[in-house]
Amino acid sequence: MKVIVVGSSHGGFETVRGILAEKPDTEIQWYEKGDFISFLSCGMQLYLEGVVKDVNAVRYATPEQMRAQGVNVFVHQEVTSINPDEHTVVVHNLDDDSTREEKYDKLVLSAGAVPAKIPVPGGDLKNVYAMRGRDWAIKLKEKTVDPDVQNVTVVGAGYIGIEAAEVFSKAGKHVTLIDILPRPLALYLDQEFTDVLSKTLKDHNIYLATGQTVKSFNGEDGQVTAVKTDQAEYPSDLVIETAGIKPNTDWLKGTLDLTDKGLVKVNDHQETSQPDIYAVGDSTKVPFAPTGKELQIALATNARRQGRIAAKNVLGDDMKMPAVSGSSALSVFDYHFASTGIKEGTSAANGVLSQSVFVTDTTQPPFVPNEAGNQKVYFKLTFDPGNHRILGAQIMSKRDVTANMNAISLAVQAKMTLDDLAYADFFFQPGFDRPWNIMNVAAQKALQTLA
Ligand code: FAD
């Protein structure tokens with residue numbers, strides 16, 4: 001059997017890895033249109049802050065390693081079209097500009113996404129950057145040490161925007177963070193958390209321009225000099241656009257069924273509308289555990305799971321993609337936070353009636369001093385007030401307690417209730433935590449609220 005895999009990031013890599021793990025003698029052709037395989041944008045902040053020194057280390061695999069396992073790796077070669085009836089693809093070799101046809105028995109697409117461009121004048125000015133992939137990583141790194149760059153404006157205060165703002169604040173630049181929503185990280189955390197983080201961002205010389213709409217990027221001599229919003233104008237030597245993504249699927253229009261946002265429609269086996277063609281990763285939706293509906297959640301974790309499911313089904317298994325909770329974690333300077341499932345702020349958009357309880361505690365018993373790691377912890381649990389089902393949670397502390405969100409993610413996936421969580425067994429040791437884990441405490445408080 002000959003399998004063609006398109007895209008070398010998380011989804012493509014996991015598909016290839018999954019096939020190799022179960023049937024290493026499968027003929028695999030793996031295509032990447034860039035000149036580098038399996039770069040991890042997830043590791044970009046570590047590189048930009050100098051924790052990881054070599055940009056080329058931010059990857060899972062090299063072509064040589066994969067070729068040694070029998071994979072035919074094609075770098076700088078773009079798959080430009082598919083003929084599903086003939087089971088062929090057209091490949092454009094970007095080195096010598098030649099094209100050729102390749103036959104497949106099974107085809108897996110992990111074409112991913114590109115950063116969205118805000119549709120305002122000036123987007124093509126010099127020094128308007130994005131933050132995704134190795135090429136942008138290299139360009140951004142140069143700007144962290146460029147003395148001509150003093151004012152950096154980041155547009156979009158989601159995960160990636162926060163990472164960009166932190167990188168350039170640590171590099172000594174004056175950073176403005178703009179978002180159309182009234183709070184940073186508004187889709188990940190409720191206000192109890194973002195109030196604390198907003199103060200932290202301001203304390204690190206990051207000016208928050210939230211609740212503002214970008215109207216234009218202004219420039220002189222072809223280079224950006226300012227970002228104009230509906231409320232103010234911000235001097236900018238560098239602009240980083242981190243306001244969402246656009247699926248890399250224009251080339252699939254007319255061949256595969258796409259959603260109105262251009263995502264590839266897949267079933268629970270990662271199969272597309274055409275036989276023997278699978279799709280995974282950021283250009284698809286995933287089943288969302290709290291609602292059972294499909295949702296766009298662009299995370300490497302999801303791409304990896306989908307890639308493994310696709311690999312199994314390509315090899316003849318019959319495996320469904322499990323529902324996911326959209327769990328994610330991030331550090332913002334001294335704070336570490338994580339969230340999973342539905343929040344108060346995302347409840348309505350998901351068509352869910354929810355209620356939440358917010359609790360604060362210390363990570364350890366009061367007698368343990370701060371120097372030994374005892375820190376304030378913020379926790380919010382969201383649930384269905386009718387059937388008590390747990391729908392999601394958020395946690396934050398200067399101590400890393402983010403792994404609690406994995407427990408809540410499981411609870412959401414397993415459709416557990418407040419009654420299950422209130423007395424669930426979690427370990428206690430004063431060096432780590434308290435006799436009642438904060439997840440118990442919150443569930444008990446929620447039950448009292450409902451009584
Ligand atoms: P992509 O990563 O978009 O890659 C698609 C690849 O396919 C690209 O290399 C592209 O060149 C190639 N390609 C596309 N079309 C073709 C074609 N026609 N022919 C050949 N090649 C093609 N997620 C997390 O879970 N945790 C994190 O901490 C995290 N941090 C992130 C930080 C940043 C800065 C960014 C930008 C993203 C982060 N993510 C994180 C999200 C994660 O990177 C994505 O969810 C993941 O990369 C999606 O993988 P993918 O395979 O769908 O596609």
Side-chain angles (χ1 to χ4, degrees), residues 4-17 29-49 58-60 73-82 89-94 102 107-116 129-137 140 154 156 158-167 188 240-252 255-256 263-264 266 270 279-286 296-308 310 324-331 338 340 402:
I4 290 184
V5 179
V6 179
S8 75
S9 181
H10 287 278
F13 173 70
E14 189 64 48
T15 304
V16 171
R17 191 164 168 254
Q29 285 194 346
W30 191 18
Y31 287 94
E32 169 54 52
K33 69 178 175 185
D35 53 11
F36 192 88
I37 68 159
S38 103
F39 182 79
L40 265 105
S41 291
C42 315
M44 199 191 291
Q45 185 179 7
L46 292 171
Y47 166 66
L48 294 176
E49 289 180 0
V58 189
R59 68 183 342 178
Y60 283 120
V73 182
F74 298 95
V75 181
H76 222 201
Q77 303 209 13
E78 180 173 7
V79 175
T80 52
S81 64
I82 306 170
V89 295
V90 173
V91 178
H92 180 198
N93 183 332
L94 298 163
E102 288 283 354
L107 173 64
V108 183
L109 307 173
S110 190
V114 288
Y129 278 25
M131 183 163 165
R132 189 179 179 105
R134 180 172 170 273
D135 292 350
W136 285 117
L140 285 166
V154 178
Y159 260 63
I160 298 167
I162 293 286
E163 288 188 356
E166 188 165 338
V167 163
Y188 302 93
I240 308 170
E241 284 189 272
T242 56
I245 54 172
K246 180 182 172 301
N248 231 334
T249 54
D250 285 351
W251 63 290
L252 297 169
T255 307
L256 300 178
L263 297 164
V264 182
V266 290
Q270 301 307 136
V280 304
D282 280 7
S283 54
T284 65
K285 290 185 181 182
V286 286
Q296 183 183 7
I297 311 177
L299 282 172
T301 46
N302 296 336
R304 298 292 292 252
R305 277 151 190 74
Q306 292 174 304
R308 185 60 71 91
V324 296
S325 310
S327 314
S328 55
L330 190 69
S331 294
T340 190
T402 52

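The first residue of the sequence shown is numbered 1, and numbering continues consecutively from there. Counting starts at 1 for both ligands and their atoms, in listed order. Any value given below was found using the heavy atoms of this structure, including those in side chains, with hydrogens, waters and symmetry copies removed. In this text, all values refer to a predicted model and were calculated from it rather than measured experimentally.
At least one N or O atom of Asp282 sits closer than 3.5 Å to an N or O atom of ligand 1. Checked against a 3.5 angstrom limit, the closest N/O atoms of Arg132 and ligand 1 fall inside it. The shortest N or O to N or O distance between Ser9 and ligand 1 is below 3.5 Å. Looking at ligand 1, you'll find an N or O of Ser110 within less than 3.5 Å of one of its N or O atoms. Residue Ala300 has at least one N or O atom closer than 3.5 Å to an N or O atom of ligand 1.
Of all atoms in ligand 1, listed by their number and element, those nearer than 4.0 Å to a heavy atom of Gln77 are 20 (C). Ligand-side atoms of ligand 1 in range of Val6: 16 (C), 17 (C), 18 (N), 19 (N), 20 (C), range being under 4.0 angstrom from any heavy atom. Applying the 4.0 Å criterion to heavy atoms of Asn248 picks out, from ligand 1, the atoms 14 (C). Every atom of ligand 1 with a heavy atom of Ala298 under 4.0 Å away is listed here by number and element: 41 (C), 45 (O). Short contacts between ligand 1 and Gly281, defined as distances under 4.0 Å to a heavy atom of the residue, involve ligand atoms 52 (O). Near Gly112, the atoms of ligand 1 lying under 4.0 angstrom from a non-hydrogen atom of the residue are 1 (P), 3 (O), 5 (C), 52 (O), 53 (O). Near Gly11, meaning under 4.0 Å from any of its heavy atoms, are these atoms of ligand 1: 51 (O). Ligand-side atoms of ligand 1 in range of Met131: 34 (C), 36 (C), range being under 4.0 angstrom from any heavy atom.
Around atom CZ of Arg134, more than 12 heavy atoms belonging to other residues, nucleotides or ligands sit under 6.0 Å away.
Nearest protein heavy-atom neighbour of atom 39 (N) of ligand 1: Cys42 SG, 3.8 Å. Here the heavy atom of the protein found nearest to atom 12 (C) of ligand 1 is Glu32 OE1, 3.4 Å. Of the protein's non-hydrogen atoms, Val79 N, 3.1 Å is the one closest to atom 19 (N) of ligand 1. Protein heavy atom closest to atom 7 (O) of ligand 1, with residue, atom name and distance, is Gly7 CA, 3.2 Å. From the protein, the heavy atom lying nearest to atom 46 (C) of ligand 1 is His10 CD2, 3.6 Å. Closest to atom 32 (C) of ligand 1 among all protein heavy atoms lies Ser41 O, 3.4 Å.
Within the 4.5 Å cutoff, the side chain of Ile82 has heavy atoms near those of the Leu252 side chain. Considering only heavy atoms from C-beta on, Val108 stays 4.5 Å or farther from Glu14 through its side chain. Taking the side chain as every heavy atom from C-beta outward, Trp251 and Val79 approach each other to under 4.5 Å. Side-chain contact between Thr301 and Val324 is absent, with no heavy atoms from C-beta onward closer than 4.5 Å. Looking only at side-chain heavy atoms (C-beta outward), Asn248 and Lys33 come within less than 4.5 Å of each other. Inter-residue side-chain proximity for Met131 and Met44 is flagged as met; some heavy-atom pair is nearer than 4.5 Å.
The shortest heavy-atom contact between Gln45 and Val167 is CG-CG2, 3.7 Å. Pairing each heavy atom of Ile240 with each of Leu140, the nearest pair is CD1-CD2, 3.8 Å.
Neither the backbone nor the side chain of Met44 has any atom closer than 4.0 Å to an atom of ligand 1 (non-hydrogen atoms only). The residue Tyr159 has no part lying near ligand 1, judged by heavy-atom distances below 4.0 Å. Of the heavy atoms in Ala111, both backbone and side-chain atoms come closer than 4.0 Å to ligand 1. Proximity of Gln45 to ligand 1, defined as any heavy-atom pair under 4.0 Å, is not found for any part of the residue. The part of Ile160 lying near ligand 1 is the side chain, judged by heavy-atom distances below 4.0 Å.
Remark: Ser110 engages Val280 in a side chain to side chain contact (heavy atoms under 4.5 Å, CB included) (not counting sequence neighbours). Evaluation of the side-chain hydrogen bond (donor to acceptor under 3.5 Å, both in side chains) rule for Ser327 yields Thr340, Ser409 as partners, not counting sequence neighbours.
When the heavy atoms of Lys33, Arg134, Glu78 are ranked by distance to atom 13 (N) of ligand 1, first place goes to Lys33.
Between the side chains of Ser328 and Tyr159, a donor-acceptor pair is found at a separation under 3.5 Å.
Tyr60 pairs in a ring pair (Phe, Tyr, Trp, His ring centres under 6.0 Å) with only one of the listed residues (Phe36, Phe39, Phe13), which is Phe13.
The aromatic rings of Tyr31 and Phe74 sit parallel, their planes meeting at an angle under 30°, below the 60° perpendicular limit.
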